[in-house]
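Below: the structure, in structure tokens.
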Amino acid sequence: MSKKKPSDPKPTGTKPEHTYSFFENVWAVVRLIPRGRVTSYGAIARYLGSGKSARTVGYAMNAAHGQSPPVPAHRVLNRNGMLTGKHHFPGAEVMQYLLEKEKIKVANDTVVDFKRLFWDPATEL
DNA sequence: CCGGTGACTCTAT
DNA sequence: TATAGAGCCACCG
């Protein structure tokens, strides 16, 4: 009783929740990617406000493994639509397999009609 | 606090 | 058109 209420809507910033990091933000956007669509690291980085932090987005994908809900990292490609991160999957063929399951055609480790399937968060959202 | 790293992107030669 | 180098941001030890 003497202490503050359990509600305490204003902890005066003494206990900042670092749970929401740049990574969490990236994962959230990737999970918003509709099935059968793809996007690029730069597009996500740009949507988050840092158009030049594309590398950090890829780094976040590296930590996306085992996250819950799962992050469809196979829908994130580089600017060329190439499966640059396929080597980081449990199997180099897994990424392409997942994309084909979404009706996405892949040739030479590159998504066909990438521009057409491109999903830009800054435009769609 | 400082340095290294990385699933990127752009520009120059 | 292809290859090489630099920039840039965020996380980790």
Side-chain angles (χ1 to χ4, degrees):
Chain A
M1 302 157 144
S2 310
K3 283 207 134 207
K4 297 188 277 189
K5 290 173 58 146
S7 303
D8 206 324
K10 274 182 57 196
T12 178
T14 282
K15 192 176 170 290
E17 268 143 43
H18 285 188
T19 311
Y20 287 116
S21 317
F22 192 89
F23 283 31
E24 289 280 356
N25 208 355
V26 172
W27 301 336
V29 175
V30 175
R31 288 195 211 104
L32 292 174
I33 301 174
R35 185 170 171 281
R37 296 293 280 278
V38 291
T39 188
S40 65
Y41 303 98
I44 296 170
R46 206 151 133 122
Y47 174 72
L48 294 177
S50 310
K52 292 158 190 185
S53 58
R55 305 172 84 182
T56 312
V57 174
Y59 201 73
M61 295 286 95
N62 191 17
H65 279 287
Q67 286 302 323
S68 196
V71 179
H74 63 272
R75 291 183 187 149
V76 185
L77 319 166
N78 71 352
R79 231 187 141 325
N80 286 320
M82 185 175 174
L83 285 58
T84 50
K86 74 172 189 180
H87 293 291
H88 292 262
F89 274 77
E93 303 173 5
V94 176
M95 191 171 186
Q96 180 171 339
Y97 176 72
L98 292 170
L99 288 169
E100 292 190 336
K101 276 203 89 149
E102 313 229 341
K103 307 296 189 286
I104 300 175
K105 302 286 166 55
V106 180
N108 288 337
D109 299 340
T110 308
V111 173
V112 181
D113 290 336
F114 169 69
K115 291 186 302 190
R116 203 161 72 83
L117 299 172
F118 188 80
W119 179 85
D120 188 347
T123 301
E124 304 293 336
L125 306 182

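Chain naming here is simple, since letters A, B, ... match the order of the sequence lines and numbering starts at 1 in each.
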Transitive ILVMFWY side-chain link F118(A) to I104(A), under 4.5 Å: yes
Please list residues of residues 55-62 of chain A whose heavy atoms come under 4.0 Å from any atom in DNA chain C, ordered by number; otherwise none. R55(A), T56(A)
Donor-acceptor check, side chain of W27(A) to backbone of P69(A), threshold 3.5 angstrom: yes or no? no
Walking along DNA chain C from 5' to 3', note the first and the last nucleotide with an atom under 4.0 Å from a heavy atom of chain A, and give both. dG7(C) to dC11(C)
What is the distance from atom CG of L98(A) to atom CG of L83(A), rounded to the nearest 0.5 Å? 10.0 Å
Euclidean distance, S40(A) OG relative to N80(A) CG, rounded to 0.5 Å: 10.0 Å
How long is the straight-line distance from CG of L117(A) back to NZ of K105(A), given to the nearest 0.5 Å? 9.5 Å
Sugar-phosphate, base or nothing in reach of F89(A), heavy atoms under 4.0 Å: base
In short, P121(A) meets A43(A) closest at the heavy-atom pair CG-O, 4.0 Å
Do I33(A) and V76(A) come close enough that some side-chain heavy atom pair is under 4.5 Å? yes
Interface polar pairs with nucleotides 9-13 of chain B, N/O, under 3.5 angstrom:
from    : atom 1 : to     : atom 2 : distance (Å)
dT9(B)  : OP1    : G42(A) : N      : 3.4
dT9(B)  : OP1    : R79(A) : N      : 3.3
dT9(B)  : OP2    : R79(A) : N      : 2.8
dC10(B) : OP1    : R79(A) : NE     : 3.2
dC10(B) : OP2    : R79(A) : NE     : 3.1

Is it true that a side-chain atom of N108(A) and a backbone atom of T110(A) form a donor plus acceptor pair closer than 3.5 Å? no
Let me know the distance between NE2 of H88(A) and P of dC8(B), rounded to the nearest Å. 7 Å
Check whether any side-chain N or O of S53(A) sits under 4.0 Å from OP1 or OP2 of dC8(B), and answer yes or no. no
Rounded to the nearest 0.5 Å, what's the gap from CZ on F22(A) to OG1 on T56(A)? Could you check? 6.0 Å
Validation row: M61(A), V30(A) side chains within 4.5 angstrom (heavy atoms): yes
Scan residues 88-97 of chain A for pairs that pass side chain to side chain donor-acceptor pair (under 3.5 Å), counting only residues two or more places apart or in two chains. Q96(A)-E100(A)
Heavy-atom side-chain contact between V38(A) and L99(A) under 4.5 Å: yes
Pick base, sugar-phosphate or nothing for A73(A), based on heavy-atom distances below 4.0 Å to the nucleic acid. base
Residue pairs, two or more places apart or on separate chains, that pass salt bridge (charged side-chain N to carboxylate O under 4.0 Å, His left out) and touch residues 72-84 of chain A: R75(A)-E102(A)
Hey, does the side-chain of H65(A) have a donor or acceptor N/O within less than 3.5 Å of a partner on the base of dA7(B)? yes
Nucleic acid contacts of residues 91-104 of chain A, taken as heavy-atom distances under 4.0 Å to DNA chain C: none
